[in-house]
Number of protein chains: 2
Amino acid sequence: MGVEKFVIRLLLVHESGLLRTALASVIGAEPDIEAAACAWRDARSRARSMEPQVCVVDTDCPAADKAARKGEWGKFVASASGEGGDCGLLVLVNSERPGPLRRAHEARALGYVDKDAPPQRLIEAIRRVARKERYVDDALGYGFLQAAKIPLTERELGVLSLAADGASISEIARTLHLSTGTIRNYLAAITRKTGARNRVDAIRISQCEGWV
Amino acid sequence: MGVEKFVIRLLLVHESGLLRTALASVIGAEPDIEAAACAWRDARSRARSMEPQVCVVDTDCPAADKAARKGEWGKFVASASGEGGDCGLLVLVNSERPGPLRRAHEARALGYVDKDAPPQRLIEAIRRVARKERYVDDALGYGFLQAAKIPLTERELGVLSLAADGASISEIARTLHLSTGTIRNYLAAITRKTGARNRVDAIRISQCEGWV
């Protein structure tokens, strides 16, 4: 008369095949976790077919940033949750980059683990998120404080993000249906608010912090 | 009358504690490999005390880029090699970023493994490098071709790297003891050679490729 064991179905999304396979193998060695791993390009279809209870996403890589900006995180979690299902999002974050932390919060992540934490802490976090409990790594307190204090507005972040992609002032103006004078004003405000020396420096600072 | 088994001492350097611990645990499960892992800040002292036969370095992260630019890779391998010892450098590279690939080649890496490869391929590469044999992942052929074709000279890369850090033209001129006109000419050449729309775009392209 065996008791049926509850096994957590976990999907891990990370850019590097080498690292995600290694991490999934360490986590999957736990008796109560069944871990699969994939890249961003396969994340939605994999999530749909597997319907995991927990999705672990590394926020600290260019592919995740790009996906966040295109609003794909929400779609990914929705795919994972399936028909009336429910999937908890757990993110791996770099405590020194507040931008991805804020995007994870906006995507309603339930768990937050520092990328520098030992694997045991991630495993603990997975169990908590599977029980629909919030988990926030102690190391991330300061990061959250920083994330709450991004000095730029949504509009300014939009302008800066286009500038960082190499668009000229007139291209940005056309894209956002604004005048070139307005864009110049935005860029001046951005440079001032970020404490940058010039526009290129403002882009560098914002990329370092993970704001764009 | 047991035969003494040859065990490979391996040191793995990666920014994220979570990922390096997971990777070291998967590699260390092999009977002939003893794997330790650390961050860049501890890499030299750890290498000195441990004298590994093989050092695995993830080139595809900001800390490794910074260390490469400060010439620390060579010092790290020298520390690992110790007194008359000898340590082979094996790098994990992103096949789409030729810059770190070129820097690894300049640091005389013996092994090159794609970060998207399965762990088994890294383990095979570790054994080869421990025997002082070269190992180049099949997936990296095109990357090497690209790495050989970075269109900018050393001087241009120096100028661009300062510009990417947010320095103004006059600051770059002062730093390199050149006139502002010369710096303007360099920046114009860089923009043309990278096929960029403007200076910010040239910085973006060069960072994407991992040249600066």
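Proteins get letters first, then strands, A, B, ... in listed order; numbering begins at 1 in each.
- Residue contact with chain A, scored on non-hydrogen atoms closer than 4.5 Å, is absent for B:Ala39.
- With a 4.5 Å cut-off on side-chain heavy atoms, A:Val77 and A:Cys55 do not count as touching.
- Within the 4.5 Å cutoff, the side chain of B:Ile123 has heavy atoms near those of the B:Ile33 side chain.
- Distance check: B:Ile27 CD1 to B:Leu122 CG gives 4.5 Å after rounding to the nearest 0.5 Å.
- In this structure, B:Cys38 SG and B:Leu12 CG are separated by 8.0 Å, a value rounded to the nearest 0.5 Å.
- Ranked by heavy-atom pairs under 4.5 Å with chain A, the first of B:Pro118, B:Ala196, B:Ala167 is B:Ala167.
- Annotation: side chain of B:Ile190 is in contact with side chain of B:Leu152 (closest heavy-atom distance under 4.5 Å).
- To the nearest 0.5 Å, atoms CG (A:Leu178) and CD1 (A:Ile183) are separated by 5.0 Å.
- Only the side chain of B:Leu92 comes within less than 4.5 Å of a heavy atom in chain A; its backbone stays farther off.
- When heavy atoms are compared at a cutoff of 4.5 Å, B:Leu23 approaches chain A by way of both its backbone and its side chain.
- Under the 4.5 Å side-chain criterion, counting only non-hydrogen atoms from C-beta, B:Val13 is not in contact with B:Val56.
- The SG atom of B:Cys61 sits 10.0 Å away from atom CG of B:Leu19, with the distance rounded to the nearest 0.5 Å.
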Interchain donor-acceptor contacts below 3.5 Å (chain B, chain A):
{"unit_1": "B:Ser16", "atom_1": "OG", "unit_2": "A:Lys115", "atom_2": "O", "d": "2.6"}
{"unit_1": "B:Gly17", "atom_1": "N", "unit_2": "A:Lys115", "atom_2": "O", "d": "3.3"}
{"unit_1": "B:Gly17", "atom_1": "N", "unit_2": "A:Asp116", "atom_2": "OD1", "d": "2.6"}
{"unit_1": "B:Leu18", "atom_1": "N", "unit_2": "A:Lys115", "atom_2": "O", "d": "3.0"}
{"unit_1": "B:Leu18", "atom_1": "N", "unit_2": "A:Ala117", "atom_2": "O", "d": "3.3"}
{"unit_1": "B:Lys115", "atom_1": "O", "unit_2": "A:Ser16", "atom_2": "OG", "d": "2.6"}
{"unit_1": "B:Lys115", "atom_1": "O", "unit_2": "A:Gly17", "atom_2": "N", "d": "3.3"}
{"unit_1": "B:Lys115", "atom_1": "O", "unit_2": "A:Leu18", "atom_2": "N", "d": "3.0"}
{"unit_1": "B:Asp116", "atom_1": "OD1", "unit_2": "A:Gly17", "atom_2": "N", "d": "2.6"}
{"unit_1": "B:Ala117", "atom_1": "O", "unit_2": "A:Leu18", "atom_2": "N", "d": "3.3"}
{"unit_1": "B:Asp165", "atom_1": "O", "unit_2": "A:Arg197", "atom_2": "NH2", "d": "2.9"}
{"unit_1": "B:Asp165", "atom_1": "O", "unit_2": "A:Arg204", "atom_2": "NE", "d": "2.8"}
{"unit_1": "B:Gly166", "atom_1": "O", "unit_2": "A:Arg197", "atom_2": "NH2", "d": "3.3"}
{"unit_1": "B:Gly166", "atom_1": "O", "unit_2": "A:Asn198", "atom_2": "ND2", "d": "3.0"}
{"unit_1": "B:Glu171", "atom_1": "OE1", "unit_2": "A:Arg197", "atom_2": "NH1", "d": "3.4"}
{"unit_1": "B:Arg197", "atom_1": "NH1", "unit_2": "A:Glu171", "atom_2": "OE1", "d": "3.4"}
{"unit_1": "B:Arg197", "atom_1": "NH2", "unit_2": "A:Asp165", "atom_2": "O", "d": "2.9"}
{"unit_1": "B:Arg197", "atom_1": "NH2", "unit_2": "A:Gly166", "atom_2": "O", "d": "3.4"}
{"unit_1": "B:Asn198", "atom_1": "ND2", "unit_2": "A:Gly166", "atom_2": "O", "d": "3.0"}
{"unit_1": "B:Arg204", "atom_1": "NE", "unit_2": "A:Asp165", "atom_2": "O", "d": "2.8"}

